[in-house]
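Numbers restart at 1 for each chain; the letters A, B, ... are given by sequence-line order, proteins then strands.
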Amino acid sequence: MKVSITVNGKEHHSDVEPRTLLVHYIRETLELTGTNVGCDTSSCGACTIHLNGEAVKSCTMLAVQADGDSVTTIEGLAKDGVMHPMQTAFMENHGLQCGYCTPGMVMAAIGLLNENPKPTEEQVRMGLEGNLCRCTGYHNIVKSVLAAASSK
Amino acid sequence: MAGSILGNRVLRKEDPKFLTTGGKYIEDLNDEPMFAGALHVTYVRSTVAHAKIINIDLSECKNAPGVVAVFTASDLGLEEEASGFNAAAKRAHLAIGKVRWVGELVAAIVTERPDQGEDATERAIIDYETLEPLIDLEHAMTSMNLIYEECGSNIVMGTVEMGMPDNTGDELFKDCEVVVKGRFMNQRVAPCPLEARGSAATWIDGRLIQWISTQHAQGVRNEVVKANKIDAEKVRIITPDVGGGFGAKISAYSEELLLGNISKNVGKPVRWRETRSESMVGLGHGRAQLQYITIGGTKEGRVTAYQLNAIQDSGGWVDVGTVLAPFMTRPMAQGVYDIEKMECRTTSVVTNTTPIVAYRGAGRPEATAAIERAMDLFAAEIGKDPVDVRRMNLIPKFMQPYATKIGHVYDVGDYGTALDKALAVAKYSEARAEQAERRKRGDKIQLGIGVSVYVEITGGVDPMQEHAKVNVLPNGRAVVYTGTSPHGQGHVTSWAMIASSETGISIEDIDVVWGDTDLVPSGGGTMGSRSLQHGGAAVQKVSIELVDEARKLAAKLLEANESDVVLDKNTGAFHVAGTPAISKSWSDIATAADTKTGLTQEGIFVASSATFPFGSHVAIVEVDTETGQVKHRRHIACDDAGKVVNPLILDGQIHGGIAQGTAQALLEEFRYDQDGNPITTNFADYTFISAAELPSIEVVHMETPTFVNPLGAKGIGESGSIGSTPAVQSAVIDALLHLGVRHIDMPTTPERVWSAIASASA
Ligand code: FES
Ligand code: FES
């Protein structure tokens with residue numbers, strides 16, 4: 001099926017199989033491998049991207065469902081070599097270790113602040129419940145998100 | 001050292017990549033030319049726990065779309081091989097004659113595309129004659145239905161069998177005024193690195209090149225050499241970025257060890273990746289130790305005798321988990337206490353479950369959990385505060401090696417101070433006062449306070465040494481080659497800091513290389529909290545030697561006496577003492593050494609012994625006495641890992657360990673039904689801990705340097721998972737002590753907490 005999806009500001013016209021998941025379209029067709037896959041039950045959030053500005057798990061939808069939509073992945077966040085404030089906050093607060101959850105976590109965190117620009121620690125923890133990290137114990141991830149929120 | 005970068009909170013050099021394009025994990029290597037035309041391997045796994053294989057029929061698989069080849073053990077010429085830990089236990093990488101756990105590999109299917117493999121494996125027809133599934137540990141121990149017939153028993157290793165003294169039973173406690181017994185299940189958990197396993201293999205000019213998501217390329221190389229029956233120089237292992245390991249990615253597994261053979265057979269590169277559901281049964285599990293403890297002493301609280309009888313579940317293969325009980329749990333069984341009479345027996349038993357491997361802490365969390373729970377039971381029995389009882393029994397501060405009763409020698413220890421520091425931040429007496437208030441009022445939500453004091457062993461597994469090479473290039477940049485293998489631990493930053501602090505080359509100009517056996521042929525990988533104390537110490541030693549060599553060259557270039565030449569570490573330039581204006585840079589010196597390759601120094605650091613980090617954790621939880629719901633409110637951790645190179649990274653290691661340790665205490669358990677069917681095989685069913693279930697962690701620093709290495713550093717990678725588990729578990733129980741609850745096995749789920757309350761009040 002023919003789809004046209006704008007990814008990181010660039011429009012892509014592709015022919016995809018109807019059963020292709022959006023995450024596979026992003027990783028395999030577009031070869032944007034920053035977005036990861038950590039589970040097969042929509043539980044981990046490693047695949048989180050932005051769809052029309054909202055954080056979604058890209059393993060939960062088909063590529064054809066994104067036809068005509070605008071997608072942002074981790075690769076599209078930095079502008080002219082300058083990191084997005086959330087990326088900077090993760091760096092400054094050691095919000096990542098192995099990095100596998102990181103792209104999804106950063107996208108989810110930006111989505112969270114879009115909805116709630118000044119969250120409490122509790123709200124950040126609840127808001128990131130669907131994004132799993134095995135390395136950091138979440139402490140520095142929460143700290144990163146709060147730092148990004150207060151620097152706004 | 002003036003101006004040293006060590007000890008500073010330096011941001012990680014590796015982060016910009018991970019944050020902007022993401023890491024390059026095995027599945028991301030699409031542009032690797034050596035993978036061109038790669039086929040995909042999918043494995044047919046056993047769906048039964050214990051059975052004889054009557055017949056394997058793959059004929060229908062061959063007809064599935066995209067199938068290129070199918071293989072059974074005999075198709076690949078596989079033979080059974082003995083376990084390195086018990087020669088009587090033998091199995092092959094694809095099952096021969098018998099399957100021993102759900103998820104064991106039975107056949108391999110090669111397809112053009114990865115998605116075709118799943119469809120094809122469903123067409124495999126395997127006739128099984130089922131055997132009794134041995135899931136219950138104590139039943140398996142005595143059953144004469146054997147998992148490995150040639151072992152003559154399901155007991156595959158034991159301390160008594162190895163000639164260590166047996167436990168003497170109640171005799172040990174005959175002089176005690178108070179004796180308490182307990183039975184604790186340190187449950188089976190799944191390591192769950194967020195990146196599941198993956199690997200790729202190809203043959204180029206008679207050499208096998210294999211990429212693998214691993215913690216130890218050099219160890220994997222040796223396994224690949226053995227599996228393919230070829231010489232070591234015919235194998236190259238390359239480690240891409242690795243999305244977590246936690247011990248479970250130390251050794252290579254059958255899935256990975258078969259790829260060279262399969263690639264050779266199909267004449268093309270092959271790739272393999274697993275789904276999460278496969279990973280949950282295919283990647284080794286952790287813990288799974290049943291503990292019987294007896295503790296005895298005086299009514300005042302002096303503990304005089306302690307006995308641990310540990311029964312270790314090995315799972316369906318005699319893997320690393322088998323040896324953790326005798327060689328990790330037993331040596332650490334005494335913990336931080338001065339106990340006159342100490343005994344520990346361990347018995348490792350095979351069952352029809354996923355094999356047990358090393359998982360963050362690997363045998364030490366089990367030892368700590370046993371004695372810390374025992375201390376609490378003892379305190380509850382004599383009606384004393386668990387902190388007071390601990391204080392009465394702690395080994396006093398020592399700065400010289402201390403020999404324990406069980407036969408280990410700790411390097412340095414100051415357990416009382418760690419405990420005091422943690423309690424001070426926790427405001428322990430205020431918390432106890434609040435607890436008393438809530439009890440008096442009969443509040444629905446009760447407060448529980450759990451305290452642990454632990455000591456563990458790090459860098460204690462062979463090889464107790466590490467290799468390093470530092471190469472300064474003619475352009476003045478340096479490359480550090482290390483035998484450790486970071487997968488989140490930040491060695492790129494820490495090793496650059498160490499090399500920089502000796503050479504004065506700025507950390508931006510230092511690169512770190514690891515995990516490619518052609519570039520780093522020897523190395524011990526990253527495991528057992530060894531990296532800094534072995535690998536970091538090696539980088540330091542070699543950097544110092546490099547500076548000595550450079551000084552000689554600088555003396556020549558400056559036409560000066562070598563002894564007059566000094567290195568200004570602020571500028572990274574050599575000059576004659578007193579005349580800094582005339583100097584030679586690293587670039588000058590490297591160019592003088594060799595205009596192409598620069599100056600290189602290589603060497604090995606050998607540690608004289610293991611190190612013994614210690615600390616104390618305090619957990620404060622709220623327990624809803626009507627629903628059994630637990631809320632972890634505060635976690636205070638004082639972990640002493642000796643000298644700190646980068647406190648940012650240190651704290652991160654502590655946080656991560658605490659999350660995993662807390663997960664074991666509160667949430668996580670890998671479960672089987674009685675037929676041996678796994679029932680927690682994905683992230684929807686396995687209760688992986690999230691941010692919502694954890695508090696922020698209050699880290700209290702303490703630095704007692706070790707004399708074992710010049711850095712003064714001990715390991716920190718596992719401390720969090722050792723100190724936290726018993727503190728959190730004890731806190732839950734402590735909240736219910738006044739209701740008569742004495743113990744709840746982990747994970748302390750609402751269900752278990754609720755029934756503990758119900759049966760205590762019945
Ligand atoms: S891969 Fe999408 S939620 Fe796990
Ligand atoms: S940093 Fe490794 S999973 Fe989050």
Hey, what's the ring geometry for Phe670(B) with Tyr686(B), parallel, tilted or perpendicular (30° and 60° as the breaks)? tilted
Does Glu121(A) use its side chain to pair, donor to acceptor, with the backbone of Val142(A) at less than 3.5 Å? no
Answer yes or no: is there a side-chain heavy-atom contact under 4.5 Å between Thr6(A) and Asp69(A)? no
Given the options Cys135(A), Cys44(A), Ala78(A), which has more heavy-atom pairs under 4.5 Å with chain B than any of the others? Cys135(A)
Residue, of Pro486(B), Cys192(B), Ala663(B), that accumulates the most heavy atom pairs under 4.5 Å with chain A: Cys192(B)
Segment of Ile649(B) engaging chain A (4.5 angstrom heavy-atom cut-off): both
Pairs of heavy atoms under 4.5 Å with chain A: top-ranked of Gly656(B), Pro16(B), Gly244(B): Gly656(B)
Name the region of Asp28(B), side chain, backbone, both or neither, that has any atom closer than 4.5 Å to a heavy atom of chain A. both
For chain A, find which of Thr21(B), Thr20(B), Asn682(B) contributes the most heavy-atom pairs closer than 4.5 angstrom. Thr20(B)
Glu27(B) vs Arg27(A) side-chain heavy atoms within contact, under 4.5 Å: yes
Which of Gly22(B), Pro193(B), Gly243(B), Gly23(B) touches chain A most, by non-hydrogen pairs under 4.5 Å: Gly243(B)
Can you tell me which portion of Glu28(A) sits under 4.5 Å from chain B's heavy atoms? Options are side chain, backbone, both or neither. side chain
Taking Val124(A), Asn140(A), Leu132(A), Val106(A) one by one, which has the highest count of heavy-atom pairs under 4.5 Å against chain B? Leu132(A)
Under 4.5 Å heavy-atom distance to chain A, tell me which part of Gln489(B) shows up: side chain, backbone, both or neither. neither
In sequence, state the C-alpha distance, the side-chain angles, and the governing distance for Glu718(B) and Arg360(B), and then conclude on salt bridge (Lys or Arg N to Asp or Glu O under 4.0 Å). CA-CA 6 Å; Glu718(B) 294 159 292; Arg360(B) 206 167 195 168; over 6 Å; no
Are Glu274(B) and Arg197(B) close enough for a salt bridge, meaning some N to O gap below 4.0 Å? yes
Which bit of Ile658(B) comes within less than 4.5 Å of chain A, counting heavy atoms only: side chain, backbone, both or neither? neither
What part of Asn36(A) lies closer than 4.5 angstrom to a heavy atom of chain B: side chain, backbone, both or neither? side chain
Do Arg134(A)'s NZ or CZ and the ring of Phe688(B) fall within the cation-pi criteria of under 6.0 Å and 45°? yes
Counting only heavy atoms closer than 4.5 Å, note whether Lys17(B) contacts chain A via side chain, backbone, both or neither. neither
Checking Tyr100(A) against chain B: side chain, backbone, both or neither under 4.5 Å from a heavy atom? both
If you tally heavy-atom pairs under 4.5 Å against chain B, which of Thr88(A), Thr35(A), Ile74(A), Leu96(A) wins? Leu96(A)
At their closest point, which heavy atom of Val189(B) faces which heavy atom of Arg287(B), and how far apart are they? CG2-CG, 3.7 Å
Quick one: of Ser279(B), Pro191(B), Gly490(B), who has the most non-hydrogen atom pairs under 4.5 Å with chain A? Pro191(B)
Thr73(A) and Glu75(A): CA distance, side-chain angles, deciding distance, side chain to side chain donor-acceptor pair (under 3.5 Å) verdict: CA-CA 5 Å; Thr73(A) 68; Glu75(A) 291 93 340; 2.7 Å; yes
Count the heavy-atom pairs under 4.5 Å between each of Ala659(B), Gly657(B), Ser696(B), Gly720(B) and chain A, then report the option with the highest count. Ser696(B)
Less than 4.0 angstrom from a charged side-chain N to a carboxylate O is my criterion; do Asp67(A) and Lys2(A) meet it? no
Need one label for Gln660(B): side chain, backbone, both or neither, based on atoms under 4.5 Å from any heavy atom in chain A. side chain
Between Met91(A) and chain B, with a heavy-atom cut-off of 4.5 Å, which part of the residue counts as in contact: side chain, backbone, both or neither? both
At a heavy-atom separation under 4.5 Å, does Ala196(B) approach chain A through its side chain, its backbone, both, or neither? neither
Check whether the side chains of Thr275(B) and Ser277(B) place a donor and an acceptor atom closer than 3.5 Å, and report yes or no. no
Using a cut-off of under 4.5 Å for heavy-atom pairs, which of Glu129(A), Met126(A), Glu122(A), His94(A) has the most such pairs with chain B? His94(A)
Report yes or no: do His701(B) and Asp651(B) form a side-chain donor-acceptor pair below 3.5 Å? yes
With a 3.5 Å cut-off and no angle check, do the side chains of Thr136(A) and His655(B) form a donor-acceptor pair? no
